[in-house]
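Heads up, the thing below is written out as structure tokens.
Counting from 1, the numbers follow the sequence of the chain as shown.
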Amino acid sequence: MRRLFASFWQSNVFFLGVSAVGTVFVAINTVAYAGWSIMVRRIAEAFSAWILPGGILLLALFVGADLLGGGHNLLFHWRTEGIMEEGHPNYDAIIAGKSGFLNLGFYIGRMIAFVGIWWFFSERLRKLSLAEDQMGGTGFWDKSINVSAMFLVLYAVSSSISAWDWVMSIDTHWFSTMFGWYVFASWWVSGIAGILLTAIYLKQAGYLRWLNANHLHDLGKLMFGFSIFWTYVWFSQFMLIWYANLPEEAVYFNQRLGGFDGKYTWLFFFNLIINFAFPFLVLMTRDAKRQIIMLKIVAMAVLIGHWLDFYMMVMPGTMQGDSGFIIEIGTGLLFLGTFLWLMTSRLAKAPLVPINHPFVEESVHHTT
């Protein structure tokens, strides 16, 4: 039961983050007055279809892990009965010191608030985009700029705190001030890879006839650049903890690098190869970023690699050395299928190109 909950939690947090990245992509390009991205804007808008179902499932998983654990939450050690009560056999002074932040009411409140914010702004930007299709003009675009700016400020805060809540608090004793950025980097590059892969498949299926090599080149550059950014955050976090060599910090990497009889050691290094070395070497040249086959291979590798990255974040803290891959891969495919069903359903409900967007002509004639 614990393994099933951990597997569902891992995949849901991954896909929920990727789903929100679709709205982040729209918002960033809106406030930046970016014209090139209009050709893939509807794909990014469609990604947000998973936010509300994913948020509801996240809450259900947390409550279910509490109820079925018999006094020991199946996922989070800090929810163990009596762990914050001085004098109780389960009392843990370190965890009790975090009770102001890690308590049931505040935790669930943050979860509902964050998912609610992401969903609300996703729906608001989507409605403005669809209204612009119907009525044209620049009024809806002007409103989108204000909505996007507000969303990005709230997302910057909520994405970091959600990473602490949903992932870092699994290893309750451990903490890292860079963890919010680390999780965001993994979500963001996965979202870019997903948008790119969807655009390629639509193009090959005969849709998005104005999508050209220049649009793919820009998406390839984003995927290439943010793979390096993820590695920068990964290395910065690892190097500082390794150099300081403090037991309360180093334990996180000790578990993943040699701990549990070396169960995760190969995955620790494979994580760097598939998420950094492979995209870096393959997409280094300009031509590679303009070749569909190269982009497809790298995008799929990035999505698999960062799903495994979340596996590395969740499983050692929940399952210790008892995790595996059969259930986890099956769960991941179940989430992938559901995500694609919701995303493509939303994609089919509106024109694939925002026909009345002020920058649509710029995107059609985009060159790099």
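Of the candidates Leu352, Ile195, Leu196, Ile43 forms a side-chain contact (heavy atoms from CB on, under 4.5 Å) with just one, namely Ile195. Exactly one of Arg290, His366, His365 qualifies for a side-chain hydrogen bond (donor to acceptor under 3.5 Å, both in side chains) with Asn214. That residue is Arg290. A ring-ring contact (aromatic ring centres under 6.0 Å, His included) with Phe179 holds for exactly one of Phe238, Trp174, Trp164; it is Trp174.
Donor-acceptor pairing under 3.5 Å is recorded for the side chains of Gln204 and Lys296.
Note: Trp166 and Trp118 have perpendicular aromatic rings, judged against thresholds of 30 and 60 degrees for the angle between ring planes. Using the six-membered ring where Trp is involved, His357 and Trp141 have ring planes that are perpendicular, over 60° apart on the 30 and 60° scheme. Ring pair Phe339/Phe15 is tilted by interplanar angle, where 30° to 60° counts as tilted. Note: Phe151 and Phe121 have tilted aromatic rings, judged against thresholds of 30 and 60 degrees for the angle between ring planes.
The salt bridge (Lys or Arg N to Asp or Glu O under 4.0 Å) check on Asp322 picks up nothing, with sequence neighbours excluded. Partners of Glu328 under the salt bridge (Lys or Arg N to Asp or Glu O under 4.0 Å) rule, at least two apart in sequence or in another chain, are Arg3. Every side-chain hydrogen bond (donor to acceptor under 3.5 Å, both in side chains) that Asn271 has, sequence neighbours left out, goes to Asn275, Asp309.
Here the two rings, on Phe14 and Tyr311, have centers that are 6.0 Å apart or farther. Taking the centre of each ring, Trp234 and Phe268 come in below the 6.0 Å mark.
Taking the centre and axis of the six-membered ring of Phe101, the NZ or CZ atom of Arg110 falls inside the cone set by 45° and 6.0 Å.
Listed by first then second residue, pairs satisfying salt bridge (Lys or Arg N to Asp or Glu O under 4.0 Å) with a partner in residues 127-148 read Arg42-Asp133, not counting sequence neighbours. Pairs of residues two or more places apart, or lying in two chains, that qualify as salt bridge (Lys or Arg N to Asp or Glu O under 4.0 Å) and include a residue from residues 329-348 are Glu123-Arg346.
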What pairs of donor and acceptor atoms, side-chain ones from residues 71-78 against any protein atom, are under 3.5 angstrom apart with sequence neighbours left out?
unit_1: Asn73; atom_1: OD1; unit_2: Leu75; atom_2: N; d: 2.7
unit_1: Asn73; atom_1: OD1; unit_2: Phe76; atom_2: N; d: 2.9
unit_1: Asn73; atom_1: ND2; unit_2: Asp66; atom_2: OD1; d: 2.9

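Using a cutoff of 4.0 Å between basic side-chain nitrogens and carboxylate oxygens, Arg256 and Asp171 are scored as salt-bridged.
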